[in-house]
Participant: 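Handing you a structure now.
All values below come from the heavy atoms of this structure, side chains included, with hydrogens, waters and symmetry mates left out.
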Amino acid sequence: MRRNVLLVLLFAAALAAIPMAEPRLPVEIEVYPDRLSLSAGGMTDVIATLPQETSFTGIRIAVPRAIVPMTFQGLSVRFPGGEDRRLEIPHPKAPSSLAPATGDWWIDRKGSTTGPGRVLPGQLTPPFTLTFELTGRGNEFARLDLMGDRPFSFFFRNGLVNGDMAVRNGRELLFHDYFYLDAARSGRGIATTLLLLAAGACGLCLLIRLASREPSKMKGDGASPGRLSSFLKRRAAWIAAGVILASFCGELWVAGSVLEKTPHFQDDLGYLLRAKWLASGKLTQPVDELEPHLAIPFAVKTDGEWFIGYTIGWPALLAVGQALRAAWIVPPLCGALSLGILFLLGRRLYGPATGLFAMVFAALSPLGGILSASPLSHAGTSLLILSSVFLSVTPPRREGPRSVGLPGPRLAGSGLLLGLAFCCRPLTAAAMGLPVCVFLVLSALHSREAGRLGRLGAFAGSLVIGTIPVFVDNALTTGKPWVFGLELLGQGQRLANWIYGLHWMDVSLAQLPPMLFGWLWLPRVPPLLTFAVAGAFLLPFLLRRASPLEWLLLSIFVCLVAAHLFHKSPGNHGYGPRYYAEALPCLFLLAAAGLTGARIEKETDRGRTAPIGAGIALLLAATSLITWPRRMELYRGYNDIDSSLVTAVGNAKIEEGVIVLDPQNYLQWVRASRLVPVTWKDRLVVVGRSAENSALYERYPERSFYLWRGQSLVSLGKPGTDDIIEAYPPASQEVVETLAPLLGDP
């Protein structure tokens with residue numbers, strides 16, 4: 001009873017604190033007889049000059065679908081002399097659709113529309129000041145219009161991938177800028193996310209406890225065994241095999257059909273290109289006269305050689321598939337193997353039901369699903385780290401779940417896998433490996449068993465051995481074992497980056513809940529409910545006293561989040577908060593353990609299942625299963641990348657020639673990734689346009705040239721002049737063209 005009362009108090013406190021922690025952006029729009037200015041996000045700008053006798057006929061606001069719907073709170077007009085007129089405009093409801101907001105910029109853009117506006121008619125004659133606070137979090141623009149003969153439209157996005165604003169007069173874009181990165185604002189956003197997750201976890205905990213016929217069993221004594229538990233003991237392995245096979249087939253569909261076997265960012269372009277080089281036995285390429293035509297993203301040029309700055313681990317795994325002309329199959333295979341390891345980990349720690357639910361949550365996770373089909377390095381790194389954790393913390397059969405007593409070879413294998421993960425994603429492996437190492441050391445210190453220090457030595461020694469490939473690679477490419485390629489491009493960790501890191505932590509944590517499990521992603525389900533139920537991974541800490549291993553699982557996730565605090569790059573421009581992907585299995589396992597009522601301390605408890613919690617887990621997983629195909633389908637053409645260039649070359653049956661990318665930017669190189677050759681002596685080569693193209697004609701005098709621009713491949717024959725390619729559009733025009741579809745019609 002006391003625990004229920006405490007949960008109610010925690011639930012109420014979290015809900016009450018959310019409005020106080022919510023990020024708010026104060027905005028002032030000052031309208032004078034001769035000019036109009038905007039103050040927001042720490043900046044003030046004069047937007048436009050106004051002709052004499054300008055007046056406005058009213059104000060209209062419209063809000064988009066968003067994780068937390070945006071509002072113009074306290075909207076009021078202040079006139080000279082102290083008159084302050086508060087505008088009582090009923091806020092329009094955010095539109096509902098079959099694609100609720102997730103916080104991913106592409107998914108929200110494809111699936112959302114702005115809701116119908118609400119209008120306050122009335123004559124507004126300058127001078128006056130319009131003030132409000134922008135609240136909520138979304139990737140689409142909330143809109144405020146000053147209506148009249150010369151209307152002005154103000155657009156705001158708050159707190160997710162783009163925190164920015166724009167002003168338009170009719171079709172003319174007058175202003176566009178980003179909000180100032182503010183530590184207090186980011187901190188409030190992080191607090192809001194954590195409070196929502198805590199409130200959701202408390203709500204789920206209360207529901208489970210109140211609905212259970214034997215609430216006392218939720219204190220940690222284990223739920224009573226029943227037919228479900230007995231059935232799972234006998235059939236768990238077969239069910240797990242079926243889930244793995246189904247998931248693998250689904251990921252092959254996403255990788256082959258939705259993503260079209262094609263990278264969609266400069267990151268996976270770099271991985272694939274380096275895999276091609278490794279498969280052909282090359283680490284670097286010579287720099288020659290084609291250098292201006294090879295502006296490939298994250299290419300490092302030094303000492304007459306150039307190479308791709310990513311570490312060697314993941315490209316080496318992709319190279320195995322590349323040698324078989326099927327590199328795109330490697331990520332789904334790693335994802336399927338990870339499901340099997342997660343099932344084994346859950347079964348050994350908790351029992352078959354928990355292992356099955358954890359792997360089902362992982363298989364249906366929108367974030368996990370898209371990353372297990374992408375050439376990005378997360379699927380392979382996750383497999384290595386999860387396997388390392390499995391070997392580190394799971395006991396031999398019929399022994400207590402402590403790391404001490406584990407055989408030396410088992411710990412040596414764990415260290416080796418963690419070292420190999422370091423070769424794929426060094427920061428991720430270091431962050432997630434740190435709590436595991438601390439756990440092993442503390443366990444050894446509390447043990448009196450002989451040989452414990454030797455086993456720790458085996459772990460540490462194999463860990464060092466596993467990292468050797470990346471340092472050898474560094475020495476052969478950058479010239480120094482301790483200098484990574486990306487550091488030469490300014491992509492390393494810096495203490496001065498903390499303000500950016502705090503902002504991106506806010507953004508990533510806000511995006512994570514709807515991308516984590518995919519639960520309740522249904523029409524007419526309130527976005528906040530979808531957001532809050534992701535707090536299920538906190539259930540083991542609310543239902544009962546958590547074990548040291550459960551604190552370890554949570555700390556692995558927390559350490560990975562904290563590790564990116566000094567990283568300037570957001571990462572979540574691609575497929576949501578992907579920097580946290582490798583730690584998601586820990587959250588899946590904690591959520592499954594909490595919902596099934598399982599615990600670690602007692603061997604006799606394993607295999608027991610709480611019926612109420614298991615029913616809730618089945619219901620939540622069913623909503624993910626129903627929406628998973630549609631959700632994955634929304635990634636088709638992600639980042640405006642498709643296989644149209646590869647298809648055009650195939651349709652034209654071009655086997656030899658020079659394809660010129662115009663303009664030469666990272667998107668064009670990503671579109672051409674499958675055609676980029678191992679060396680630029682191959683029969684079919686891809687190059688980029690530069691200011692001077694005569695070197696191309698001298699290098700390939702007998703080859704036909706083809707121009708790729710937009711969605712068309714144009715044959716240029718064998719040109720001999722340098723005026724065949726049009727100039728780039730001005731940068732300002734590119735900004736207008738990019739924003740135009742996002743701002744909508746005037």
Participant: Any idea how Y638 and W106 line up, ring-wise: parallel (<30°), tilted (30 to 60°), or perpendicular (>60°)?
Facilitator: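 Y638 and W106: tilted rings.
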Participant: Are the side chain of N639 and the backbone of H264 linked by a donor-acceptor contact shorter than 3.5 Å?
Facilitator: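 Pair found, side chain donor or acceptor close to backbone of H264.
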Participant: Apply side chain to side chain contact (heavy atoms under 4.5 Å, CB included) to residues L554 and L590 and explain how you reach the verdict.
Facilitator: CA-CA 8 Å; L554 184 61; L590 288 171; 4.3 Å; yes
Participant: Under 4.0 Å between a side-chain nitrogen and a carboxylate oxygen: does that hold for D267 and R578?
Facilitator: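 Result for this pair is yes, salt bridge flagged.
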Participant: Give a yes or no answer on whether the side chain of T478 reaches the backbone of V483 with a donor-acceptor pair at less than 3.5 Å.
Facilitator: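 Judged by distance alone, yes, a pair lies under 3.5 Å.
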Participant: Go through it in stages, so that I can follow the logic: the residues are L25 and R185, the test is side chain to side chain contact (heavy atoms under 4.5 Å, CB included), and I'd like the CA-CA distance, side-chain angles, deciding distance and then a yes or no.
Facilitator: CA-CA 8 Å; L25 181 74; R185 189 164 167 268; 4.2 Å; yes
Participant: Tell me whether the rings of H564 and H567 are parallel (<30°), tilted (30 to 60°) or perpendicular (>60°).
Facilitator: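 H564 vs H567 ring planes: tilted.
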Participant: Has the side chain of R671 got a donor or acceptor atom that lies under 3.5 Å from a matching backbone atom of D640?
Facilitator: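 Yes.
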Participant: Compute the ring centroids of Y666 and F298, then answer whether they are less than 6.0 Å apart.
Facilitator: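 No, too far apart.
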Participant: Let me confirm one number: the CD1-CD1 distance from I385 to I341, rounded to the nearest 0.5 Å.
Facilitator: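 Rounded to the nearest 0.5 Å, the CD1-CD1 separation comes out at 13.5 Å.
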Participant: First locate atom CG of L516, then atom CG of L197, and finally report the distance between them rounded to the nearest 0.5 Å.
Facilitator: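 Answer for the CG-CG pair, L516 versus L197, is 9.0 Å.
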Participant: Could you tell me whether a side-chain N or O of D268 sits under 3.5 Å from a main-chain N or O of P263, the two making a donor and an acceptor?
Facilitator: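 No, the answer is negative, given that no donor and acceptor are paired below the 3.5 Å cut-off.
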Participant: Anything under 30° is parallel, anything over 60° is perpendicular, the rest tilted; go ahead and classify W306 against W277.
Facilitator: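 The rings of W306 and W277 stand perpendicular, inter-plane angle above 60°.
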Participant: Can you tell me how far apart CG (L339) and OG (S372) are? Round to the nearest 0.5 Å.
Facilitator: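 Those atoms lie 7.0 Å apart.
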Participant: To the nearest 0.5 Å, what is the distance between CG (L204) and CZ (F11)?
Facilitator: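 Between L204 CG and F11 CZ, I get 9.5 Å after rounding to 0.5 Å.
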Participant: Would T71 and T135 satisfy side chain to side chain donor-acceptor pair (under 3.5 Å), going step by step from the backbone distance to the final call?
Facilitator: CA-CA 5 Å; T71 65; T135 67; 2.4 Å; yes
Participant: Compute the centroid of each ring, for F517 and then for F588, and state whether the two points are separated by less than 6.0 Å.
Facilitator: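 When the ring centroids of F517 and F588 are compared, they turn out to be within the sub-6.0 Å range.
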Participant: If only atom types and distance count, is the side chain of S624 paired as donor or acceptor with the main-chain N or O of G518 below 3.5 Å?
Facilitator: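 Side chain of S624 to backbone of G518: a pair is present.
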Participant: Answer yes or no for R425 and W314: cation-pi contact, defined as NZ/CZ to six-membered ring centre under 6.0 Å and angle to ring axis within 45°.
Facilitator: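 No, R425 and W314 do not form such a contact.
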Participant: Given side chain to side chain contact (heavy atoms under 4.5 Å, CB included), test R274 with L283 step by step and report yes or no.
Facilitator: CA-CA 8 Å; R274 188 148 204 224; L283 280 176; 3.6 Å; yes
Participant: Please check if atom CZ in F132 has more than 12 non-hydrogen atoms from other residues, nucleotides or ligands closer than 6.0 Å.
Facilitator: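 Atom CZ in F132 is crowded, with more than 12 foreign heavy atoms closer than 6.0 Å.
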Participant: Please give me the minimum heavy-atom distance between A373 and L259, naming the atom from each residue.
Facilitator: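 Closest heavy-atom pair between A373 and L259: O-CD1, 3.7 Å.
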Participant: Heavy-atom count around K480 NZ within 6.0 Å, excluding the residue itself: above 12?
Facilitator: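 Incorrect, the count does not exceed 12.
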Participant: Measure the CG-OG1 distance between L486 and T311 for me, rounded to the nearest 0.5 Å.
Facilitator: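 Atom-to-atom, L486:CG and T311:OG1 are 7.5 Å apart.
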Participant: Give me the one residue out of S462, S387, S392 that meets side-chain hydrogen bond (donor to acceptor under 3.5 Å, both in side chains) with S414.
Facilitator: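 Only one of S462, S387, S392 forms a side-chain hydrogen bond (donor to acceptor under 3.5 Å, both in side chains) with S414, namely S392.
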Participant: Taking side chain as C-beta onward, heavy atoms only, is L587 less than 4.5 Å from F361?
Facilitator: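 Result no, sub-4.5 Å side-chain heavy-atom pair not found.
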Participant: Measure up the F484 and F422 rings against each other and bin them: parallel (under 30°), tilted (30 to 60°), perpendicular (over 60°).
Facilitator: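 Ring orientation, 0 to 90° scale: perpendicular.
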Participant: Could you state the interatomic distance from CG (N474) to CD (E487), rounded to the nearest 0.5 Å?
Facilitator: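 Rounded to the nearest 0.5 Å, the CG-CD separation comes out at 8.5 Å.
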Participant: Step by step, work out the side chain to side chain contact (heavy atoms under 4.5 Å, CB included) result for M165 and R157.
Facilitator: CA-CA 6 Å; M165 50 194 166; R157 286 188 285 192; over 6 Å; no
Participant: Keeping S673 on the side-chain end and W669 on the backbone end, is there a donor-acceptor pair under 3.5 Å?
Facilitator: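 Not a single qualifying donor-acceptor pair exists.
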Participant: Check step by step if side chain to side chain donor-acceptor pair (under 3.5 Å) holds for S508 and Y579.
Facilitator: CA-CA 8 Å; S508 298; Y579 279 178; over 6 Å; no
Participant: For the pair Y271 and Y310, name the ring-plane relationship: parallel under 30°, tilted 30 to 60°, perpendicular over 60°.
Facilitator: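 Y271 vs Y310 ring planes: tilted.
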Participant: When you measure from the side chain of Q668 to the backbone of N665, do you find a donor-acceptor pair of N or O atoms at a distance under 3.5 Å?
Facilitator: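 Pair absent, no side-chain N/O of Q668 close to backbone of N665.
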